[in-house]
Amino acid sequence: MSNQSLIEEGKQYVMNTYGRLPVVMTSGKGCRVWDADGKEYLDFVAGVAVNGLGHCHPEVTAAIAAQAAKLIHCSNLYWIEPQIKLAHMLCDHSCFDKVFFCNSGAEANEGAIKLARKYAKTFGRGEGSYEVITLLKSFHGRTLATLTATGQDKVKKGFAPLPEGFRYVPINDLPALEAAISDKTCAVMLEPIQGEGGVNLCDFEYLKSVRALCDRLGILLIYDEVQVGLGRTGKLFCYQHAGVEPDIMTIAKALGGGVPIGALLAKDKIAAAFQPGDHATTFGGNPLVTAAGCAAFDIIANKGIVENSAKMGEYLRGKLRALGEKYSCVKDVRGLGLLIGFELDREAGPLASLCMEKGLLLNCATHHTIRLAPPLILKQEEADEAVAIIDEALGELLAKEE
Ligand code: PLP
């Protein structure tokens, strides 16, 4: 079936919640995808940072097929072998001791908020401490609590009343954070690099000061690494850049090599606040997704993926900065590893659309900023190919303006 006929059917039966582009992706391999009309694209969106290992990585595909033939689901009433193995691997490679598995980034953040509140009541600042301070321009998910945690009004419109207990401060503004903290505060939750907000980086010194402030006041520090974790920024976890260890960290996106899985990681002392019955999910960490997660995480952690992300990120930013020398409309190139913000002095949508026509998938994180988040297996030739398309498209768009 063609793009057009499938989209017509989709419009009739699928809820209209996404501003979708008019193509149906039907297959993928490595850094490339193909639509229903057979058109090929170089994929610099990567399922919004999910396909860290590219599309259909053979080891992940094999692990899914093997587990699907053995045991797909059994419920968390029982212990689950690949769930135990994945939790073990995650703890071995991070500063955390315990893991709770769920199905998405938003759910991981819901769990983090619940854990922070329960910890405050059980061992921490007390019954009245339930507020979580987050950053403006952040993004934490679309459930009621996580959209409330999100520091952007656009996701909240039409959904009042929103849950109580969230406050917002600007990024990299320590005095504002200090002023927002009160007896009610139980945690500070932040993305060390804001992905959806336009690839905005927290300064390392700011992160260190936030850690010190939280320690001084007995407030938990939660890192949302849903987008930036698992090699995306050139370290296995983004917290490793500044050397600041959060108390709780959430991950999702790349964890399962493409299958839906999220996780909440915490140090033992914090995790102890959750007791049986406090938190649960039917599907979370089921055998199928955690078998995929074991295969994906082993590759990310042990097979040069993180190093490639750092190296190719550096290379790509250099190439994009060279475009900035050529075109004055390029305002900024920023990021770490393979999470890159390419900011223009104008709407970035037309550039993304033209690049798509030319076979490169890009996504606008904000009106002016394109986010490049290619698979972490990116090769230099693929980076060059993408930059050549962006160069050609920018040239054509500017020529039209003259
Ligand atoms: N947190 C961050 C930093 C994200 O980027 C996202 C999604 O883009 C989420 C949370 C929500 O994740 P999900 O869409 O899997 O619920």
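Scanning for side-chain contact (heavy atoms from CB on, under 4.5 Å) contacts around Met25 gives Val23, Val33, Asp35, Tyr41, Leu361, with sequence neighbours left out. With sequence neighbours left out, Asn172 forms a side chain to side chain donor-acceptor pair (under 3.5 Å) with no residue at all. Residues passing the side chain to side chain donor-acceptor pair (under 3.5 Å) test with Glu245 are Lys267, sequence neighbours excluded. Considering only residues two or more places apart in sequence or on other chains, Glu401 meets the salt bridge (charged side-chain N to carboxylate O under 4.0 Å, His left out) condition with Arg346. Residues that satisfy the side-chain contact (heavy atoms from CB on, under 4.5 Å) test with Ala273, not counting sequence neighbours, are Leu115, Lys118, Tyr119, Thr122, Phe123. Under the ring-ring contact (aromatic ring centres under 6.0 Å, His included) criterion, His367 pairs with no residue, sequence neighbours left out. Ser209 meets the side-chain contact (heavy atoms from CB on, under 4.5 Å) test with Leu174; sequence neighbours excluded. Under the rule for a side chain to side chain donor-acceptor pair (under 3.5 Å), the partners of Glu164 that lie at least two apart in sequence or sit in another chain are Tyr130. For Phe283, the ring-ring contact (aromatic ring centres under 6.0 Å, His included) partners are His73, not counting sequence neighbours. Residues satisfying the side chain to side chain donor-acceptor pair (under 3.5 Å) criterion with His55, sequence neighbours excluded, are Asp43. For the ring-ring contact (aromatic ring centres under 6.0 Å, His included) test, no residue two or more places apart in sequence or in another chain qualifies with Phe44.
Classified by interplanar angle (parallel below 30°, tilted 30° to 60°, perpendicular above 60°), the ring pair Tyr239/Phe96 is perpendicular.
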Only pairs under 3.5 Å count here: list side-chain donor-acceptor contacts from residues 328-341, not counting sequence neighbours, and write none if there are none.
residue : atom : partner : partner atom : Å
Asp332  : OD2  : Arg334  : NH1          : 2.8
Arg334  : NE   : Gly198  : O            : 3.4
Arg334  : NE   : Val199  : O            : 2.7
Arg334  : NH1  : Glu343  : OE1          : 2.7
Arg334  : NH2  : Gly198  : O            : 2.9
Arg334  : NH2  : Glu343  : OE1          : 3.2

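Closest heavy-atom contact between Ile377 and Gly30: CD1-CA, 4.0 Å. Closest non-hydrogen pair, Leu354 versus Leu397, comes out as CD2-CG, 3.8 Å.
Enclosure of atom CD in Glu307 by more than 12 non-hydrogen atoms of other residues, nucleotides or ligands within 6.0 angstrom is indicated.
Remark: the Thr250 side chain and the Asn109 side chain contain an N/O donor-acceptor pair separated by less than 3.5 Å. Remark: the Gln194 side chain and the Ser138 side chain contain no N/O donor-acceptor pair separated by less than 3.5 Å.
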